Number of protein chains: 2
Amino acid sequence: MKDNLKLENQLCFPLYACSKEIVKKYKSILDKFDLTYTQYIVMMVMWEEKEINVKNLGDRLYLDSGTLTPVLKKLESKNFIKRTRSDLDERNLKLLLTEKGIKLMDKVQNVPNEIGKCINLSKDEALQLYKLLYKILDNKE
Amino acid sequence: MKDNLKLENQLCFPLYACSKEIVKKYKSILDKFDLTYTQYIVMMVMWEEKEINVKNLGDRLYLDSGTLTPVLKKLESKNFIKRTRSDLDERNLKLLLTEKGIKLMDKVQNVPNEIGKCINLSKDEALQLYKLLYKILDNKE
DNA sequence: CAAAATTAAATTGTGTACAATGTAATTATA
DNA sequence: TATAATTACATTGTACACAATTTAATTTTG
């Protein structure tokens, strides 16, 4: 058997496995805030943008409406966001933070720190990794 | 707003996004072999091991029986593997390659190469990334 | 040795992901 | 300006992914 099909020689497998393991870690941390990882990254964009439509949100998160629609409905049912159609263009769904959604930001302040503790990389290594990942991502557009 | 909750300052988000984008790329390449990405990495382990049980397969792939059972049934229905209980310990499900499963290895020889072309990293950068990812993974055990 | 504990898979329920398609609103064009 | 093309979002169908539970087989222990 040639080595090129061995799992240990793949670059993509550790990427896939690592992503899953870290999302799993997030789950254990986010549970107490009644958030999933996907809901959490949606909220991160909301805290930055205050107002955004599904299309632009999807562009930021590399997700499409098929994934986002149910997630956004869930976040609305939890009263973290509000969903209303734009007046200017009724195709656009305007996403807005609620009071509860704004308050959530304070509550999760320590999440990035907690996650950081689970990843045993030095500051320099983390930065290296960050740059390599964005180099791949930027190429895919 | 503090910067610690900005999406662009997270290390985990590009990991998550990158993983998804690459799996998507795999999908387009693996389609012609009637394989999904998950089925493909299961087959990679099978080609290496010839025979393995679900538990050990899951340890290799960071997947549990809840995920693997339906994937393995699918691979069996496509005649790539055979599933039989072990004689020595009936709790163990013995996974074996079929003739068709062995032949599949030749057909996908070029997949790693095709994927490589989608990732614009130098050999050195790819190795760096590989090491950083396994450093995180090894810590999670 | 019999009951308890452990182990391996399977099952169930929830939540993504994404391709493909559908629908309604808006924009471009003949 | 009516129709065609495009756009934004929702829906449908398929395939993971994982926590929690169940079931059956094996091992440990009192």
Side-chain angles (χ1 to χ4, degrees), chain A residues 13 16-32 34-43 52-78 81 83-95 140, chain B residues 13 16-32 34-43 52-78 81 83-95 140:
Chain A
F13 175 70
Y16 157 85
C18 214
S19 168
K20 281 194 308 122
E21 291 304 302
I22 291 180
V23 168
K24 212 183 292 184
K25 201 73 206 172
Y26 266 107
K27 194 170 300 188
S28 68
I29 293 171
L30 293 174
D31 262 357
K32 54 179 167 301
D34 190 23
L35 283 176
T36 64
Y37 180 68
T38 315
Q39 290 166 15
Y40 174 68
I41 59 175
V42 166
M43 290 307 293
I52 196 169
N53 66 7
V54 177
K55 175 69 167 53
N56 293 143
L57 178 63
D59 287 345
R60 291 287 300 272
L61 298 178
Y62 297 85
L63 293 171
D64 69 3
S65 70
T67 302
L68 285 173
T69 296
V71 171
L72 294 169
K73 284 181 179 173
K74 202 68 195 274
L75 283 172
E76 186 177 46
S77 79
K78 293 179 187 173
I81 62 166
R83 300 161 66 246
T84 38
R85 291 283 161 183
S86 162
D87 293 329
L88 287 79
D89 186 338
E90 295 238 348
R91 289 172 305 182
N92 283 272
L93 188 70
K94 198 164 60 178
L95 306 169
K140 312 229 106 214
Chain B
F13 174 69
Y16 157 85
C18 215
S19 168
K20 279 193 309 121
E21 291 304 302
I22 291 179
V23 169
K24 213 182 294 184
K25 201 73 207 172
Y26 266 106
K27 194 169 303 188
S28 69
I29 293 171
L30 293 173
D31 261 357
K32 55 180 166 298
D34 190 24
L35 283 176
T36 65
Y37 179 69
T38 314
Q39 291 166 15
Y40 173 67
I41 58 176
V42 166
M43 291 306 293
I52 196 169
N53 65 7
V54 177
K55 175 68 166 56
N56 293 143
L57 178 64
D59 288 345
R60 291 285 302 271
L61 298 178
Y62 297 84
L63 293 171
D64 70 3
S65 70
T67 302
L68 286 174
T69 295
V71 172
L72 294 169
K73 285 182 179 174
K74 203 69 196 273
L75 283 173
E76 187 177 46
S77 80
K78 291 179 188 174
I81 62 167
R83 298 160 68 246
T84 37
R85 292 282 162 182
S86 162
D87 294 328
L88 287 78
D89 186 338
E90 294 238 349
R91 288 172 305 182
N92 283 272
L93 189 71
K94 199 163 59 175
L95 305 170
K140 312 231 106 212

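Note that the structure is predicted; figures quoted are calculated from it, not measured. In what follows, every chain begins at residue 1, and chains take the letters A, B, ... in the order their sequences are listed.
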Review point. Can you tell me how far C1' of dA15(D) sits from CG of Asp31(B), to the nearest Å?
Key: 12 Å

Practice item. Send over the distance from Leu63(A) CG to dA19(C) C1', rounded to a whole Å. Key: 14 Å

Exercise for review: Report yes if some heavy atom in the side chain of Arg91(B) is under 4.5 Å from a heavy atom in the side chain of Asn53(B); otherwise report no.
Suggested key: no

Check your understanding: With a 4.5 Å heavy-atom cut-off, do Leu95(B) and Val42(B) have their side chains touching?
Key -> no

Exercise for review: Map Leu88(A) and Val23(A) onto DNA chain C by nearest heavy atom, then report which one ends up closer to the 5' terminus.
Suggested key: Val23(A)

Practice item. Mind checking the NZ-OG1 spacing from Lys20(B) to Thr67(A)? Nearest 0.5 Å is all I need. Key: 7.0 Å

Check your understanding: In whole angstroms, how far is the C1' atom of dG15(C) from the CG atom of Leu75(A)?
Key -> 12 Å

Study note, to complete from the structure: Taken to the nearest whole Å, CG/Leu35(B) to P/dA15(D) is 12 Å

Check your understanding: Starting at CG of Asp87(A) and ending at P of dT26(C), how long is that distance when rounded to a whole Å?
Key -> 11 Å

**Study point:** Intermediate values then yes/no, side-chain contact (heavy atoms from CB on, under 4.5 Å), Phe13(B) and Tyr62(A)
**Key:** CA-CA 10 Å; Phe13(B) 174 69; Tyr62(A) 297 85; 3.9 Å; yes

Practice item. Output yes when at least one side-chain N/O atom of Thr38(B) is less than 4.0 Å from OP1 or OP2 of dA15(D), else no. Key: no

Review point. Is any side-chain N or O of Lys20(B) closer than 4.0 Å to OP1 or OP2 of dA17(C)?
Key: no

Review point. Mapping Lys24(A) and Ser86(B) to their closest nucleotides on DNA chain D, which lands nearer the 5' end?
Key: Lys24(A)

Exercise for review: Report the residues that fulfil side-chain hydrogen bond (donor to acceptor under 3.5 Å, both in side chains) with Lys24(B), sequence neighbours left out, ordered by chain and then residue number.
Suggested key: Glu21(B)

**Study point:** Phosphate-side-chain proximity, Lys74(A) and dG15(C), N/O vs OP1/OP2 below 4.0 Å
**Key:** yes

Point to revise | Partners meeting ring pair (Phe, Tyr, Trp, His ring centres under 6.0 Å) with Tyr37(B) (sequence neighbours left out) | key: Tyr16(A), Tyr26(B)

Check your understanding: What nucleic acid atoms does Val71(B) come within less than 4.0 Å of, heavy atoms only: base, sugar-phosphate, or nothing?
Key -> sugar-phosphate

Practice item. Write down the distance between OH (Tyr40(A)) and P (dT16(C)), rounded to a whole number of angstrom. Key: 15 Å

Review point. dA19(C) P sits how many Å from Ile29(B) CD1, rounded?
Key: 14 Å

Exercise for review: Would you please confirm or rule out a distance under 4.0 Å between OP1 or OP2 of dA15(D) and any side-chain N or O of Tyr37(B)?
Suggested key: no

Check your understanding: dA19(C) P sits how many Å from Tyr26(B) OH, rounded?
Key -> 17 Å

Check your understanding: So, for Ser65(A) and Pro70(A), which heavy atoms are closest and what is the spacing to 0.1 Å?
Key -> O-CD, 4.2 Å

Exercise for review: With side-chain contact (heavy atoms from CB on, under 4.5 Å) as the test, would you mind laying out the steps for Leu75(B) and Leu35(B) before giving the verdict?
Suggested key: CA-CA 9 Å; Leu75(B) 283 173; Leu35(B) 283 176; 4.1 Å; yes

Study note, to complete from the structure: Quick tally for nucleotides 1-12 of chain D: nucleotides whose base has a protein heavy atom under 4.0 Å get B, sugar-phosphate-only ones S, the rest -, giving ------BSSBB-

Review point. Using the C1' atoms of five pairs at each end, what's the angle between the two axes of the helix from dC1(C)-dG30(D) to dA30(C)-dT1(D), to 10 degrees?
Key: 10°

Practice item. Only pairs at least two apart or in different chains count here, so list each salt bridge (Lys or Arg N to Asp or Glu O under 4.0 Å) that has a residue in residues 59-68 of chain A. Key: Glu48(A)-Arg60(A), Glu49(A)-Arg60(A), Lys55(A)-Asp59(A)

Check your understanding: Sequence neighbours excluded, which residues qualify as side-chain contact (heavy atoms from CB on, under 4.5 Å) partners of Arg85(A)?
Key -> Leu93(A)

Practice item. Could you tell me whether Leu61(B) contacts a base, only the sugar-phosphate backbone, or nothing, with contacts defined as non-hydrogen atoms closer than 4.0 Å? Key: nothing

Review point. So what does Ile41(A) touch, heavy atoms closer than 4.0 Å: a base, only the sugar-phosphate, or nothing?
Key: nothing

